[in-house]
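Here is the structure we will look at, set down as structure tokens.
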Amino acid sequence: MKYIKRSAENVIKKQEKIFKAILITGARQVGKTTMLKNLKSNLNYITLDDMILNQSAKEDPNMFLKSNKKPLIIDEIQYAPDLLRYIKIELDNSEEKAVFYLTGSQQFHLMKDVRESLAGRIGILNLLGLSLREIKEIDFNKPFIPTEEYFREREKYNLDIPYNEIWDIIHKGTMPALYQEESDFEMFYSMYVNTYIERDVRNLTQVGDTLTFFKFMTALASRIGQLLNLNTVANEVGISIPTAQRWLSILVSSNIVYLLEPYYNNIMKRAVKTPKVYFLDTGLVSYLTKWKNKDVLEVGNMAGNFFENFVIVEIIKSYYNNGELRPPLYFYRDKEKKEIDLIIEQNGKLHPIEIKKSANPTKDMISNFKVLEKIGEVGEGGIICMYDKLINLDEKNRVIPYKYL
């Protein structure tokens, strides 16, 4: 099976010079273990998915750690969270760097335990599915920002992705297994959802009604790119608001759903404060919302939402893969319904982005950018779309083909 090099490998190499432990979080099947095994093939490896090892780690964590040679990779650490306290003791008695490499696919309880036990001792990396750069083997690892400097560097790495191919990627998603060997799309995601719900949701978070939880996931998937209205979703699924809030937090903490927060500061009196909902893998959305192939998807009524979701997540990946845990990404919408799809805040400037499933972008599409002038300093921006050339719209804004992500 071919290994696809991950951009985040560079982050691990930096972190292991600083921290005594490294934690790689991310949803199931995004390639956490594969990346570590490829990068650290000489290290001892154990997985807590193994019930015997799991039982050993829970019953006598001290002996479990002492009997395994270091440095050590421990996979799926969330299944034995008490182990973190004993890892802390070992780290406090050692001056070595990179003693433990941990992975976890469910952050719901894990991150609280990590913060309490290993604060200051651990480097954290959030890994998502393959990026467009990784799929096309482009060795470029800068976070996306729509500036002249970024595009000047980006143009050195030519990336040619035909229109049909981009919709194939959007439809099937970015799970590495789908790119390493021939896989049946529906069979893969059917098993994926079943494993996620049974192992992570039912066992770790005590959600009893898994069928209704699946309906909740599907209801959110049908609303990608929209303002989150939990009342409507809860009513549609038949659950209480508190249950919907708890289930949403599970999906967010397990890297299934991403909530894009609105940009807001003290000057803004009329901006909405409700986040927009996106899924961190568009293939999962295709499966949940029953789009059977890319041809019907790209002409369907959700095509624009899928393209927007895909672009947002590609930009998120560019920040995560550079080691940033909180990408400076927002959107804008006010009470007059003036909206900007994405704002990237960097160096005191607001960089506005519109995302359009169009090959014919116009200046009218960026007319809302001017609302930011009353809020802060506006930087370079543009329209990410299906047009194939990087061109100027005006002195600050560009038409940005998706291949520049």
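Quantities reported herein were computed from a predicted structural model and do not represent experimental measurements.
M217 and F279 make their closest contact through O-CZ, 3.6 Å (heavy atoms, listed as atom of the first residue, atom of the second, distance).
Side chain of K20 to main chain of S94: a donor-acceptor pair is present (N/O by atom type, distance under 3.5 Å, no hydrogens or angles). With hydrogens and angles ignored, the 3.5 Å screen pairs a side-chain donor or acceptor of S67 with a backbone N or O of M63. With hydrogens and angles ignored, the 3.5 Å screen pairs no side-chain donor or acceptor of S41 with any backbone N or O of N38. Under a 3.5 Å cut-off, the side chain of K396 and the backbone N or O of V378 do form a donor-acceptor pair. No donor-acceptor pair under 3.5 Å is formed between the side chain of Q15 and the backbone N or O of I22. Counting only distance, with no hydrogens or angles, the side chain of T34 and the backbone of G31 share no donor-acceptor pair below 3.5 Å. Remark: the backbone N or O of F64 is paired with a side-chain donor or acceptor of N68 at under 3.5 angstrom. Side-chain N or O atoms of T289 include one that pairs as donor or acceptor with a backbone N or O of V285 at under 3.5 Å. The main-chain N or O of E76 is found under 3.5 Å from a side-chain atom of T103 such that the two form a donor-acceptor pair.
Side-chain contact between L72 and L43 is absent, with no heavy atoms from C-beta onward closer than 4.5 Å. Residues Y101 and I24 form no side-chain contact, since every pair of their non-hydrogen atoms from C-beta on lies 4.5 Å or further apart. Between K276 and E261, the closest side-chain pair of non-hydrogen atoms is not below 4.5 Å. Looking at heavy atoms from C-beta onward, F307 lies out of side-chain contact with K356 at the 4.5 angstrom threshold. When side chains are defined from C-beta on, N397 does not count as touching N392, because their heavy atoms never get closer than 4.5 Å. Side-chain contact check for I169 versus L132: some heavy-atom pair is nearer than 4.5 Å. Under the 4.5 Å side-chain criterion, counting only non-hydrogen atoms from C-beta, F331 is not in contact with D341.
When only modelled atom types and interatomic distance are considered, E314 and Y402 share no side-chain donor-acceptor pair under 3.5 Å. Side-chain contact check for N309 and T282: no donor-acceptor pair (N or O, by modelled atom type) lies under 3.5 Å. In summary, the side chains of N54 and D49 do not present any donor paired with an acceptor at a separation below 3.5 Å, with no hydrogens or angles considered. Between the side chains of Y3 and Q180, not a single donor N or O lies within less than 3.5 Å of an accepting N or O. With 3.5 Å as the limit, one finds a donor-acceptor pair spanning the side chains of Y189 and D281.
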What side-chain donor-acceptor pairs closer than 3.5 Å can you find for residues 321-330, not counting sequence neighbours?
from, atom 1, to, atom 2, distance (Å)
N321, ND2, K317, O, 3.4

List the steps and the verdict of salt bridge (Lys or Arg N to Asp or Glu O under 4.0 Å) for E137 and K2.
CA-CA 12 Å; E137 300 181 347; K2 178 189 174 186; 2.6 Å; yes
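Checked against ring-ring contact (aromatic ring centres under 6.0 Å, His included), F140 has the following partners two or more places apart in sequence or in another chain: Y150, Y157.
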